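To start, the structure itself, in structure tokens.
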Amino acid sequence: MTGAARGIGAAIAERLRADGLEVTTLDVLPGCDLTVNLARDRLPAALSEIDVCVSNAAITDTIAPAHHMTPEQWGRDIAVNLTGAFRAVQACLAGMRERRHGRIVVISSGAARSGLPGQVAYAASKAGLLGMVKTLAAENAGHAITVNAVLPGMVASEKVRAMPPALLERVMGAMPAGRMGEPSEVAALVAFLASEEAGYVTGQEIGIDGGLGLNTMSLGGARSHP
């Protein structure tokens with residue numbers, strides 16, 4: 001479980017433990033079982049013993065429009081969000097193939113489908129994960145290994161709740177469901193995909209965004225709700 005020190009990652013780790021899994025947590029921040037920089041550090045050989053790989057680590061706060069983004073900003077997001085995710089999955093994959101069983105869940109983002117102005121590197125890295133997931137799913141379906149992507153929308157993590165009030169108000173105004181998602185809701189979806197019951201679900205991109213990706217514009221009259 002990467003990116004497990006806080007937010008969605010910490011909620012996923014807590015849920016998987018509650019479901020009876022023995023969870024090994026990894027993050028660049030302290031407080032997890034392993035402190036590792038996925039972009040550059042050597043990964044522990046013990047990851048080959050993992051049966052459920054949840055790749056969640058990501059940089060989310062690189063803010064720059066495309067015409068001002070520096071090569072360093074671009075490279076940092078791609079190195080962690082895309083290459084780091086691949087490295088974590090690859091480290092687990094050989095053991096899964098040998099045992100002919102495994103669950104891989106990659107946390108992408110709704111930005112992979114819709115884009116995200118001001119965060120071109122983030123959106124590109126998260127979109128790259130979808131191609132990775134499809135390919136890994138195709139390569140490993142015959143080994144009883146499932147590979148799926150979860151695409152959260154706006155989730156009320158610690159970092160999101162700490163945003164300036166004016167920005168939070170603007171974000172909430174765009175939420176069709178009238179609220180943000182909770183980390184525990186993302187964790188519940190991941191827990192299902194990690195379960196034995198999800199053995200026939202693979203290569204999927206599953207959004208969890210409260211309808212944020214839906215077209216809410218109407219060409220008719222004002223909408224009314226009972």
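Owing to the predicted nature of the structure, the values given are computational and were not obtained by experimental measurement.
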Quick check for you: to the nearest 0.5 Å, what is the distance between [X] atom [atom1] and [Y] atom [atom2]?
X      : Y     : atom1 : atom2 : value
Asp77  : Thr62 : CG    : OG1   : 3.5 Å
Met163 : Asp61 : CE    : CG    : 12.0 Å
Ser48  : Glu98 : OG    : CD    : 8.0 Å
Ile104 : Leu93 : CD1   : CG    : 5.0 Å
Leu47  : Gln90 : CG    : CD    : 11.5 Å
Ser108 : Asn56 : OG    : CG    : 11.0 Å

Restricting to non-hydrogen atoms, name the atom on [X] and the atom on [Y] that form the minimum distance, rounded to 0.1 Å.
X     : Y      : result
Ala88 : Leu38  : CB-CD2, 4.1 Å
Ile8  : Pro183 : CA-CB, 4.2 Å
His68 : Gln73  : O-OE1, 4.1 Å

I'd like to know if the side chain of [X] and the backbone of [Y] have a donor-acceptor N/O pair within less than 3.5 Å.
X      : Y      : value
Arg100 : Gly142 : yes
Arg6   : Lys159 : no
Gln119 : Thr60  : yes
Gln204 : Thr202 : yes

Can you give me every donor-acceptor pair (side chain of residues 121-137, partner residue at least two apart or in another chain, under 3.5 Å) with its distance?
residue: Tyr122; atom: OH; partner: Ser109; partner atom: OG; Å: 3.4
residue: Ser125; atom: OG; partner: Asn81; partner atom: ND2; Å: 3.1
residue: Ser125; atom: OG; partner: Ala121; partner atom: O; Å: 3.2
residue: Ser125; atom: OG; partner: Tyr122; partner atom: O; Å: 2.8
residue: Lys126; atom: NZ; partner: Ile107; partner atom: O; Å: 3.0
residue: Lys134; atom: NZ; partner: Gly203; partner atom: O; Å: 2.8
residue: Thr135; atom: OG1; partner: Gly131; partner atom: O; Å: 2.9

Within a 6.0 Å radius of atom [atom1] on [X], are there more than 12 heavy atoms belonging to other residues, nucleotides or ligands?
X      : atom1 : result
Glu205 : CD    : yes
Arg113 : CZ    : yes
Glu158 : CD    : yes
Arg99  : CZ    : yes
Glu182 : CD    : yes

Taking the side chain as everything from C-beta on, heavy atoms only, tell me whether [X] gets closer than 4.5 Å to [Y].
X      : Y      : answer
Arg87  : Arg40  : no
Pro176 : Leu214 : no
Val120 : Pro65  : no
Val54  : Val23  : no
Arg103 : Asp51  : no
Val105 : Val150 : yes

Consider only side-chain heavy atoms of I, L, V, M, F, W and Y, link residues closer than 4.5 Å, and tell whether Ile50 and Leu26 are in one cluster. yes

Pairs in or reaching into residues 17-34: which pass side chain to side chain donor-acceptor pair (under 3.5 Å), with residues at least two apart or in two chains? Arg15-Asp19, Thr25-Asp33

